[in-house]
Number of protein chains: 2
Amino acid sequence: MTASRAQHLPEAVLRPVRGHHAFEACVEQLGTAIRLGVYPLGSTLPPERELALRLHVSRATLREAMAALREAGLVQTRRGRGGGTVVTLKPRTPSGRAAARVPQAKRADWLDALEYRRVVEPGAAALAAQLELTAVRRERLEQAHAEVAGADKAASHRQADSRFHLTIAALSESPRLIEAVTSVQGTLHEMLLAIPVLEPNIAHSDRQHATVVRAILAGSPDRARRAMEHHCDDTAALLRGLLG
Amino acid sequence: MTASRAQHLPEAVLRPVRGHHAFEACVEQLGTAIRLGVYPLGSTLPPERELALRLHVSRATLREAMAALREAGLVQTRRGRGGGTVVTLKPRTPSGRAAARVPQAKRADWLDALEYRRVVEPGAAALAAQLELTAVRRERLEQAHAEVAGADKAASHRQADSRFHLTIAALSESPRLIEAVTSVQGTLHEMLLAIPVLEPNIAHSDRQHATVVRAILAGSPDRARRAMEHHCDDTAALLRGLLG
DNA sequence: AGCCTAAGGTCTGAGTTCATACCAATTTAA
DNA sequence: TTAAATTGGTATGAACTCAGACCTTAGGCT
């Protein structure tokens, strides 16, 4: 039995060990956090030493990443006590840029992200609904939802939407699920910047958000999961359509 | 609005940029693949150059990892044409070692893995059921299932079980899901080595496997997902109980 | 036998990353 | 006004990682 084993598993299981260059990974992660609105325009990033600690990276490397972000115009830095690094990136409006021009590999990755999302985000919603939420956490959820519904411009709506989904993931209290949702939202954000989104879809999306929030607050994991599945399905169908 | 944002998201979202050095990651990944039975006893690993390419690591680094695995007795290496690195690790039998002595942080991580598993494995099963499987793939699934049911010793049963779950993930064809299941199976394997499993549970588990396989082959995503959820729930309940 | 080939084994110089100091600027508070 | 505290800026040497070239071993073929 041992030697006759089929060879399909190793191929599927082994994956690149990491994105090389710690500094690129920092740029990626901080840049995504900023673009998603985890750190909104005008907010201050944690001090370098703290960030370096959090990211398990030396301060030297973190500073290189910061320099790159500064170079790219995402942040500005002031020295001295009370100084720090503040976000200067204004949320980008999804441009009508053609969805063509996307390399095949990236397109495949995007489609995979949509499949993955349909698994992890409903899972996070169900888990959140299953927990007994404190008043503070219920408040956070409602606040995040209100910000999505209340956003006037397309750009700030996009960030509020990301924050909404990340907030639900955070409510699940599962580090693995939070990471999964964060990464998938990063990819989603990238897709949405390349694809114009129409107004009616936003309204539709907001109604679905409301359903998810109700289910979570009511403590109904199944309803929360199904509602989030519908939401992911609809978004995915739209994006898949526009991608060809 | 911008400055008044709650501070809970950054804390949840930012994660270590990478676990460790490249060489440790290689040891970790190859070691897990071997322990899970992706490379069973007696099988030959791919040539170093190929592995290095696959893991996105220089051959020098990969070789350091190989040396560590050799040192640890997991593999043996022979030079020359027809040589290579073969697995020498005999599947370990879950020992009755006390489940105490597990540090708090690890215990929390284990519990998180169980939550995560309940999301990703049923998701993978549903996705697999939803695809039109080729004859080869249906065969792989049945083969993997037969090996679990047919395993005589506890140790080889454990590896066959891992391969069964990884096979389903591979059928889903989603790189992200495959990675998720691989990592969660690695953690699960670690848990099971520290916790004795009783015979009746294995029989119960095999019946659930059969249900999952039927649902996937029948092309019923919902049934597949639910069946896998039950399976995960039962395993999780057992482990949580034994963990205290 | 003698060559070819597919593997592992070795070496080297350049580029990254790290940990740990120490310096400089600026705000806050005594 | 002065001292302390907080924050970014700089420097250095060690360790890790990389890519690529080259050497050694051992099977298979002519």
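Keep in mind that the numbers below use all heavy atoms, side chains included, and drop hydrogens, waters and symmetry copies.
- As rounded to whole Å, 17 Å separates atom P of C/dA6 from atom CG of B/Leu51.
- For D/dG20, its base never sits under 3.5 Å from the side chain of B/Arg49 at any donor and acceptor pair.
- The side chain of B/Arg81 lies closest to D/dA26, out of D/dA26, D/dT10, C/dG8.
- Taking every side-chain heavy atom of A/Ala22 into account, C/dT17 is the closest of D/dC18, D/dG8, C/dT17.
- Taking 4.0 angstrom as the limit, B/Thr61 places a side-chain polar atom (N or O) nearer than this to OP1 or OP2 of D/dC18.
- Using a 4.5 Å heavy-atom cutoff, the side chains of A/Ser174 and A/Leu127 are in contact.
- Side-chain contact check for B/Arg158 and B/Ser162: at least one donor-acceptor pair (N or O, by modelled atom type) lies under 3.5 Å.
- Here the side chain of A/Asp112 pairs a donor or acceptor atom with the backbone of B/Arg176 at under 3.5 angstrom.
- For D/dT17, the OP1/OP2 oxygens have no side-chain nitrogen or oxygen of B/Ser58 closer than 4.0 Å.
- Residue A/Glu50 contributes atom CD, which lies 8 Å from atom P of D/dT7 at whole-angstrom precision.
- A distance-only check finds no donor-acceptor pair linking the side chain of B/Glu121 to the backbone of B/His165 [under 3.5 Å].
- Only B/Arg63, B/Arg70, listed by number, bring a heavy atom of residues 63-74 of chain B to less than 4.0 angstrom from any atom of DNA chain C.
- When every heavy atom of B/Leu36 is checked against every heavy atom of B/Gly186, the shortest pair comes out as CD1-N, 4.0 Å.
- To the nearest angstrom, P of D/dA21 lies 18 Å from CD of B/Glu48.
- Across the protein-nucleic acid pair, B/Arg59 atom CZ and C/dG8 atom P stand 7 Å apart, rounded to whole Å.
- The residue among A/Gly80 and B/Arg79 whose nearest nucleotide of DNA chain C is located toward the 5' end is B/Arg79.
- Atom P of nucleotide D/dT17 and atom CG of B/Leu55 are separated by 14 Å, given to the nearest angstrom.
- In this structure, A/Thr182 and A/Gln185 have side chains that are not in contact, with every pair of non-hydrogen atoms separated by 4.5 Å or more.
- At a threshold of 4.0 angstrom between heavy atoms, the contacts of B/Gly82 with the nucleic acid are absent.
- Within the structure, every side-chain polar atom (N or O) of B/His21 is placed at least 4.0 Å from both OP1 and OP2 of D/dA15.
- With DNA chain D read from its 5' end, the first of the two nearest nucleotides for A/Ala60 and A/Arg78 is the one closest to A/Arg78.
- Annotation: of the two residues near DNA chain D, B/Phe23 and A/Thr85, the 5′-most nearest-nucleotide partner is A/Thr85.
- You'll find the side chain of A/Val181 stays beyond 4.5 Å of the side chain of A/Ile168, heavy atoms only.
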